[in-house]
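The structure appears below as structure tokens.
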Amino acid sequence: MNAIAIVLHLLSAVIWVGGMFFAYMILRPAAASALQPPERLTTWVQTFKRFFPWVWISVVLLPVTGYWLVFDVFHGLSTAPKSVNIMQGLGIVMILLYLHVYFSPFRRLCKAVDQADWVAGGKQLAIIRKLVAINMSLGLIVIAIASAGRYVLLS
Ligand code: HEM
């Protein structure tokens, strides 16, 4: 069970954080330089509609498998390494930020694109861009702490 849990945990982190990295670092500048607002905003809605189902799976699997390991391997948070406690705290922040993106600016972006309101859509996309930048940075930090923690933060 623990082997399955850590594999699902890592695959979820790779898919979520890797997807944000690709969207923010690669697709965002390419779309900004090649597409006009109507095509750009429509492309982002189509991109998010395909990416977010994978993020939903990740935001469920990360805490489920993470807490499974916390309790089965480390017998609770108080006896788990510091790196796991930090991962858990930052992981919750990341999940809350994602829920906010999904239910607030993303929904408004979809509505604006449906109504061909490119100014309103652009504002929502700018909000999503900032939140994704924060979540991508947190994700990279969490991965660094999770993997280096056992060598650096000993208890
Ligand atoms: C939401 C609450 C989370 C909990 C309770 C949690 C818990 C855990 C636990 C217990 C381990 C095993 C540690 C070990 O065996 O030494 C682990 C590993 C890991 N977690 Fe999390 N985690 C959470 C969220 C996240 C998130 C959001 C990410 C990435 C964005 C992440 C990335 C990783 C990675 C990369 C490892 C592998 C570390 C290694 O074995 O080298 N975790 N996590």
Side-chain angles (χ1 to χ4, degrees), residues 1-33 40-110 113 121-155:
M1 268 316 267
N2 290 343
I4 294 171
I6 192 74
V7 168
L8 292 177
H9 195 81
L10 274 173
L11 290 178
S12 302
V14 166
I15 290 168
W16 185 15
V17 180
M20 287 194 289
F21 188 91
F22 176 77
Y24 189 82
M25 303 296 286
I26 319 291
L27 187 55
R28 184 183 57 88
S33 71
R40 189 159 48 86
L41 292 164
T42 309
T43 300
W44 277 115
V45 167
Q46 292 297 324
T47 303
F48 290 141
K49 281 187 172 168
R50 284 166 178 78
F51 180 47
F52 285 166
W54 292 100
V55 180
W56 275 110
I57 295 173
S58 297
V59 299
V60 171
L61 282 179
L62 278 169
V64 167
T65 54
Y67 288 116
W68 170 275
L69 291 166
V70 163
F71 289 104
D72 201 67
V73 177
F74 299 110
H75 311 292
L77 277 169
S78 54
T79 38
K82 259 187 214 143
S83 54
V84 170
N85 280 274
I86 298 170
M87 168 164 31
Q88 184 238 192
L90 292 179
I92 289 169
V93 173
M94 287 178 67
I95 292 168
L96 291 176
L97 272 177
Y98 168 69
L99 294 178
H100 175 70
V101 166
Y102 187 86
F103 288 110
S104 186
F106 173 58
R107 287 218 165 150
R108 290 203 211 108
L109 172 65
C110 292
V113 167
K123 284 183 188 152
Q124 297 309 315
L125 189 61
I127 296 171
I128 295 175
R129 185 182 67 226
K130 281 183 199 134
L131 295 174
V132 169
I134 295 171
N135 243 6
M136 179 192 70
S137 309
L138 285 177
L140 294 173
I141 291 167
V142 169
I143 290 172
I145 293 172
S147 49
R150 77 185 59 173
Y151 304 106
V152 186
L153 305 164
L154 289 175
S155 58

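Just so you know, ligand 1 is whichever comes first in the structure, and atom 1 is the first atom listed for that ligand.
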Test item: [X] and [Y] side chains (from C-beta on) under 4.5 Å apart, heavy atoms:
X     : Y      : result
Trp16 : Asn135 : yes
Asn2  : Trp68  : yes
Ile4  : Leu8   : yes
Phe48 : Leu125 : yes
Ile92 : Gln88  : yes
Lys49 : Phe106 : yes

Review item, side-chain donor-acceptor pairs of residues 52-65, under 3.5 Å, at least two apart:
unit_1	atom_1	unit_2	atom_2	d
Trp56	NE1	Tyr98	OH	3.0
Ser58	OG	Ser12	O	3.3
Ser58	OG	Trp54	O	3.1
Thr65	OG1	His9	ND1	2.9
Thr65	OG1	Leu61	O	2.5
Thr65	OG1	Leu62	O	3.3

Handout entry: Interatomic spacing from CE in Met87 to NZ in Lys82 - rounded to 0.5 Å
Key = 14.5 Å
Completion exercise
Looking only at protein heavy atoms, what sits closest to atom 16 (O) of ligand 1 is Arg150 NH2, 3.5 Å
Fill in the blank from the handout: the protein heavy atom lying closest to atom 14 (C) of ligand 1 turns out to be Phe74 CZ, 3.7 Å
Handout entry: Part of Leu90 with heavy atoms under 4.0 Å of ligand 1, whether side chain, backbone, both or neither
Key = neither
Practice task
Would you mind telling me if ligand 1 is within reach of the side chain of Val17, the backbone, both or neither, using heavy atoms under 4.0 Å?
Solution key: side chain
Practice task
Taking Ser83 for its side chain and Ala146 for its backbone only, find out whether a donor-acceptor pair lies under 3.5 Å.
Solution key: no
Exercise for the section: Taking Ser104 for its side chain and Val101 for its backbone only, find out whether a donor-acceptor pair lies under 3.5 Å. Expected result: no
Practice task
Please determine if Trp16 has a nitrogen or oxygen closer than 3.5 Å to a nitrogen or oxygen of ligand 1.
Solution key: no
Handout entry: For atom 21 (Fe) of ligand 1, every protein N/O/S atom that sits closer than 2.8 Å, waters excluded
Key = His9 NE2, Met87 SD
Using a strict 4.0 Å cut-off to heavy atoms of [X], name the atoms of ligand 1 that fall inside it.
X      : result
Leu10  : 34 (C), 35 (C), 36 (C), 37 (C)
Ser147 : 41 (O)
Tyr67  : 5 (C)

Handout entry: ligand 1 contacted by Leu138 (non-hydrogen, < 4.0 Å)
Key = no
